[in-house]
Novice: 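Okay, here's the structure, questions in a sec.
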Amino acid sequence: MTAPRKRLSTATLVLLPFWAVVIAAYIGTMLWTVQISFTASKLLPVDDYVGFAQYERLFSSTRWIVSMQNAVIFGVLFITGALVLGFLLAVVLDQRVRFENTLRTIFLYPYAMSFIVTGLIWQWLMNPGLGIQKTVRDWGFESFSFAWAVDRDMALYALVLAGLWQASGLVMALMLAGLRGVDEEIWKASRIDGIPAWRVYLFVVVPMLRPLIVTAVVLLSISVVKAFDLVVALTNGGPGISSDMPAKFVMDNLFTRQNIGLATAAATVMLITVAAVLVPWIYAEYFRKTRKGAAA
Amino acid sequence: MKELVRSMLVGAAFSLAAMPAGAQEKPRAEVMHWWTSGGESAAIKTFADAYAKAGGEWVDSATAGGENSRAATINRMVGGQPPTAAQFNTGRQFDDLVSQGLIRPIEDLAQAGGWKAAMPASLVAAASRDGELYALPINVHGQNWTFYSKDVLEKSGVSELPSTWEAMIPALQKIKDAGFTPLALGGQPWQERALFNAILLQQGGKDLYMKVYQDKDEEAVRSEGFRKAVETYGALRGMVDAGSPGRSWNDSTSLLLRDQAAIQVMGDWVKGEFTNAGEKPGEDYGCTIGLDDTMLMVGGDVFVFPKTDEPAKKAAQDLLVETMISKDAQIAFNLAKGSMPVRKDVDTTSFDACAQKGLKLLQSEEGQAPVFEILVSASLAGSVDDVVTQFWNNPSAEPDDMVEGFVNAFEIEG
Amino acid sequence: MSLETARPRGPHGESAALAFRATEPGRAAGSAAAHERSPTRGRKPRHLTIGRIGLYGFVAIAAAFFILPAVVMILTSLKTMPEIREGSIFALPESFDLTAWIKAWSSACTGLDCDGIRVGFWNSVLITVPSTILSIAAGATLGYALSFWRVKGADILFAVLLLGAFLPYQIFLYPMVRAFSMVGLYNTLFCIVIVHVIFGLPIMTLIFRNFYAGLPVELFNAARVDGGGFFRIFWNVMLPMSTPILIVAAILQITNIWNDFILGLVFAGRENLPMTVQLNNVVNSTYGEREYNLNMAATILTAAVPLLVYFVSGRWFVRGIAAGAVKG
């Protein structure tokens, strides 16, 4: 029984450099973030501890509260929207439509573009004086209105729309790949039984795509929590603070406002929030599912 | 901690110095800045050329966006590989770097060069800590200009631009009734705040402006004068077009160029847009400081020089200071940049009609007030932006909300 | 161990087998193409029915939504600045003018120098190639180790990695700059590559872990019985099956690394600045003039490499995920 032991130690050895990276880069930075959040640090970190003062300041800030609420609304709409739209696009492309390659590229290209500029385009499109609204009105539809980016009540949805434009293609590609792996026998069987296609998709295909959907949700969640370029380029958090997001709050305070203490406090709160969702999920998803027969 | 940073910096500097030892005889200066557009590029080139002429080698590190460039600079300093010089805005952005001992004082160079007395006192004060100069101001940007389209005023039946905000509001209403956009504003927090500060300085006067931003005086914020400025500001919310929110200042200037909007309150960099479109100051468009050409809000750019123990690097910095502040370079740079020379004692005949108005005010200390970034910390500046933008973008917000917002921000930031 | 015996069975075995076939030498390209045309894929084709018309209607609307910004970008890039200032964003350019494209590539000002965005092109290549390869190698190894080899604490490692992926990059800057300068690596090409590998680790690990977790354990056990060790199984059994997911990972990483701006700016050093720094300098001026035609051209040009990668590997990309997707 020496062989398995030897292999086990190889795996353990292989993991060592990863542990080093995780401890040095990730755990180190997380601990550092928490530490700095208890100091009065401004432009550069200092060791001037002030207890929970930064957290008190954080939660007395209207802007922070609004950004957290926005993140929830944006997150739910964006993740659901991107999953549904991405899945629908994939299903449609899986129906043997013409020009599939072209269409796939059209749906995927936004992912490759810098949002500094594509955000500006969306700003133009949703600007009442320049964009779609003006054009449609010039056609004679005087009452047509589409000015989300400049409307306090709609700016957040403008972000969702542009976000969907950017991210849905990636979800589509993931899902389409999944659909291509679905066994033709399933379709044959369902046709013989006369089951409508939508039911097969919903009750057979979607459960089969679960690992992919999980990957997509994680990727999308990360982009919600880190949403910065999107916000800055499209609405800059405005009008007012109506479309502000947590990552923008952190970045403003980290650089422009020279408030590292407050920025790290905000980052810590974000991290705790994510952990509160992530840890139970990881536990359910991975920890308990010990693989039978994996090398122990 | 401080010691650690410092010893690391020194260590890294030495290890670096060891490598190219003696390789360069020419003073070699790496300069970090955020001037990247065509016009800005032409401006920085005047400095680079002057430096080359003086026998130095200019190594250019440009990153667009002030916060990007500053982030790169600060990380280079933290990482022990500082540039020779780095751009900051005049103000308190580099406070922490000075107090951590990372910036070289240039008081000795100022004394030797004798140019300090020729600079506006507020900019010298903003660049100094404990009476020592730590940054080199290189230009003056006036930030409370009102630019206006002569055509739109004429077509609206407004013969002359009013010289007070009291008279301005009805005039703007008249322009609005004539079917034009009275005020071209880009609805980004910094532009919204710049408009408010211009009004506060014009309508409330320099005393009130300084009491609010320098002394953070709660009484001044609760005074009648401050409230009047807020009311004027509030009244302007109805004077912008629907496309205002989020727009850049350039696109707002385009409204003036296309004769769709009447006035824009902004800094003097706006002139560049008019020039690019082939319009001339005084002829095609008008410019006035504040509304009556009496009080210039001054700000601008500075360079800081990271501390170094290497004689070669020091020499490169010495030459850089000497070059950038020289009279010739001041004229060439500021003509290209559209700003004003930071020295009173240079020949300014080649500057345009608008700049002449500003240059006149720069001659006396009474005719100028510092931009608020010089008076308040970056953090408080941000909180003020938050208050102002929330008031501006909420049609139902009352002047009281803004006053309380200011009091609250001053309280939290101290 | 022969590959034949390793072919997985079970309800979802087909797709793993499909991945397998695709990687057999000599057959790869041909079989992929054949499969694309194979009538057995997806729903059966139908004649033009109401449903079919509705389907194309949806496709048309979706495509219009996605393509609209690109149309505006291209139109704008072909106009002159006065045209842009005066006209509608949807208006056609007066003449077909490529000036902005040429200027963006080779003569736009990005500071003192006016050499366009091409300056950083090879730097971007030099950063992207090793960073992509190394981060995928790291993610694949870790994902494989986490799925098949139960090492104590490995799940905690994975949990921390995933959690770390949610912390903004910018927070990492200060401590990482300090750390790299302490070991004397700061501002080098090596430094930026390591930084990309570190930041790519969570997502790469997630993807490979999910992929390998979907493979039948019997495959691994058979290889163990044959006496394979950690690396031999990885190299001889797992990697040959991973081609499709490797392509997926490559596309994700090439896009992310090629488009990165802030990490390159802070860690790469002056000599190695990526193209996105020049792009930022062209499009992101605060007080200078904004040449929109130039901005659009520069953006599309910068995105050309990831777009080309999508285009070339589109078929593989999509087939790729298929293999790992439908299991687990």
Side-chain angles (χ1 to χ4, degrees), chain A residues 7 10-12 14-15 18 21-22 25-27 29 32-33 89 92 94-97 101 104 106-108 112-114 116-118 121 124 130 135 173-174 176-178 180-181 183-184 208 211-212 215 218 222 225-226 247 250-251 254 267 271 274-275 278 282 286-287 291 293-296, chain C residues 14-15 40 42-43 45 55 58-59 62-63 66-67 69 72-73 89-90 142 145 148-151 154-155 157 159-168 170-172 175 198 206-207 210 214 217 221 229-230 255 259 279 283-284 295 299 303 306-307 310-311 314 317-318 321-322 325-326 328:
Chain A
R7 274 176 218 134
T10 313
T12 312
V14 166
L15 247 53
F18 291 107
V21 167
V22 166
Y26 286 98
I27 296 183
T29 304
W32 179 83
T33 304
L89 291 174
V92 165
D94 200 34
Q95 308 301 308
R96 301 173 50 77
V97 293
N101 279 319
R104 203 172 47 211
I106 287 174
F107 297 146
L108 195 54
M113 298 267 179
S114 154
I116 302 174
V117 169
T118 53
I121 298 284
W124 287 355
L130 296 169
T135 309
L174 280 157
L176 182 60
R180 291 285 151 84
D183 191 354
E184 178 61 15
M208 287 173 77
L212 266 189
T215 306
V218 173
I222 289 175
V225 173
K226 287 186 178 174
V250 171
M251 242 62 89
L254 202 55
L271 212 51
V274 170
L278 199 64
I282 291 182
Y286 294 103
F287 280 31
R291 290 164 58 82
Chain C
E14 307 74 26
S15 44
T40 62
R43 306 275 298 143
L55 187 85
F58 175 76
V59 170
F66 276 88
I67 212 164
V72 175
M73 280 180 91
I89 55 171
F90 298 110
L142 186 55
F148 290 109
W149 299 82
R150 287 210 278 121
V151 182
D155 288 316
L157 182 83
V160 173
L161 264 183
L162 271 191
L163 189 60
F166 284 88
L167 203 56
Q170 284 82 349
I171 293 274
F172 287 83
I198 290 174
L206 175 75
I207 284 178
N210 273 6
V217 169
N221 286 343
F230 183 93
T255 309
N259 285 336
L279 174 68
V283 305
N284 201 16
N295 293 359
T299 304
L307 285 178
Y310 295 179
F311 187 76
F317 189 18
V318 162
I321 309 179
V326 201

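Chain identifiers are assigned alphabetically (A, B, ...) following the order of the sequence lines, protein sequences preceding nucleic acid strands; residue numbering begins at 1 within each chain.
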Novice: Non-hydrogen atoms of chain C under 4.5 Å away: do they reach the side chain of A:Met251, the backbone, both or neither?
Specialist: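 Contact with chain C: side chain only.
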Novice: Between A:Val92 and chain C, which part of the residue has a heavy atom less than 4.5 Å away: side chain, backbone, both or neither?
Specialist: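 A:Val92 touches chain C through backbone and side-chain heavy atoms alike.
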Novice: Chain A heavy atoms under 4.5 Å from C:Phe58: which part of the residue, side chain, backbone, both or neither?
Specialist: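 Side chain of C:Phe58 only, per the 4.5 Å heavy-atom cut-off to chain A.
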Novice: Go through the steps for C:Gln170 and A:Val250 under the test side chain to side chain contact (heavy atoms under 4.5 Å, CB included), then give the verdict.
Specialist: CA-CA 9 Å; C:Gln170 284 82 349; A:Val250 171; over 6 Å; no
Novice: Do you know which of C:Val160, C:Asn295, C:Leu157, C:Thr299 has the most heavy-atom pairs under 4.5 Å to chain A?
Specialist: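 Option with the top pair count is C:Leu157.
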Novice: Non-hydrogen atoms of chain A under 4.5 Å away: do they reach the side chain of C:Phe172, the backbone, both or neither?
Specialist: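 For C:Phe172, the contact with chain A is made by backbone and side chain together.
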Novice: Minimum heavy-atom separation for A:Lys226 and C:Leu167, please, with both atom names.
Specialist: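 For A:Lys226 and C:Leu167, the tightest heavy-atom pair comes out as CE-O, 3.3 Å.
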Novice: Counting only non-hydrogen atoms closer than 4.5 Å, does A:Thr135 touch chain C with its backbone (N, CA, C, O), its side chain (CB onward), both, or neither?
Specialist: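 A:Thr135 touches chain C through side-chain heavy atoms alone.
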Novice: What residue in A:Val225, A:Thr118, A:Val21, A:Ile27 has the most heavy-atom pairs under 4.5 Å with chain C?
Specialist: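 It is A:Val225.
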Novice: Of the backbone (N, CA, C, O) and the side chain (C-beta and beyond), which part of A:Ala247 lies under 4.5 Å from a heavy atom of chain C, both, or neither?
Specialist: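 For A:Ala247, there is no contact with chain C at all, as no heavy atom is under 4.5 Å.
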Novice: Give, as side chain, backbone, both or neither, the part of A:Ile222 having an atom under 4.5 angstrom from any heavy atom of chain C.
Specialist: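 When you check distances to chain C, atoms from both the backbone and side chain of A:Ile222 fall under 4.5 Å.
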Novice: Side chain from CB out, backbone as N, CA, C, O: work out which of these in A:Ile106 comes under 4.5 Å of a heavy atom of chain C, or both, or neither.
Specialist: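 Both backbone and side chain.
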Novice: For C:Leu161 and C:Leu142, which heavy atoms make the closest approach, and how far apart are they?
Specialist: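 Minimum heavy-atom separation between C:Leu161 and C:Leu142: CD1-CD2, 3.7 Å.
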Novice: When heavy-atom pairs shorter than 4.5 Å are enumerated against chain A, which of C:Thr255, C:Leu163, C:Ile67, C:Val283 gives the highest number?
Specialist: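 Among C:Thr255, C:Leu163, C:Ile67, C:Val283, the one with the most close pairs to chain A is C:Leu163.
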Novice: Who wins among C:Ala154, C:Ala63, C:Pro168 for the most heavy-atom pairs under 4.5 Å with chain A?
Specialist: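 Sorted descending by pairs with chain A, the first entry is C:Ala63.
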Novice: Any sub-3.5 Å donor-acceptor pair from C:Asn259's side-chain atoms to A:Ala112's backbone N or O?
Specialist: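 Yes; judged by distance alone, with no hydrogens or angles, the pair exists.
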Novice: How close do C:Ala165 and A:Tyr26 get, counting heavy atoms only, and between which atoms?
Specialist: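 Closest approach of C:Ala165 to A:Tyr26, heavy atoms only: N-CE2, 4.4 Å.
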Novice: Run the numbers on C:Asn284 and C:Leu279 for side chain to side chain contact (heavy atoms under 4.5 Å, CB included), then give the verdict.
Specialist: CA-CA 8 Å; C:Asn284 201 16; C:Leu279 174 68; over 6 Å; no
Novice: Return the CD1 to OG1 distance between C:Ile171 and A:Thr33, rounded to the nearest 0.5 Å.
Specialist: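 Between atom CD1 of C:Ile171 and atom OG1 of A:Thr33 there are 5.0 Å.
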Novice: Might you point out which heavy atoms bring C:Ala62 and A:Leu89 nearest each other, and give the distance in Å?
Specialist: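 Scanning both residues, the minimum pair turns out to be CB-CD2, 3.6 Å.
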Novice: So how far is it from C:Ile198 CD1 to A:Phe18 CZ, rounded to the nearest 0.5 Å?
Specialist: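 The distance works out to 11.5 Å.
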Novice: Using non-hydrogen atoms and a 4.5 Å limit, figure out which bit of A:Leu254 sits close to chain C: side chain, backbone, both or neither.
Specialist: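 Only the side chain of A:Leu254 comes within 4.5 Å of chain C.
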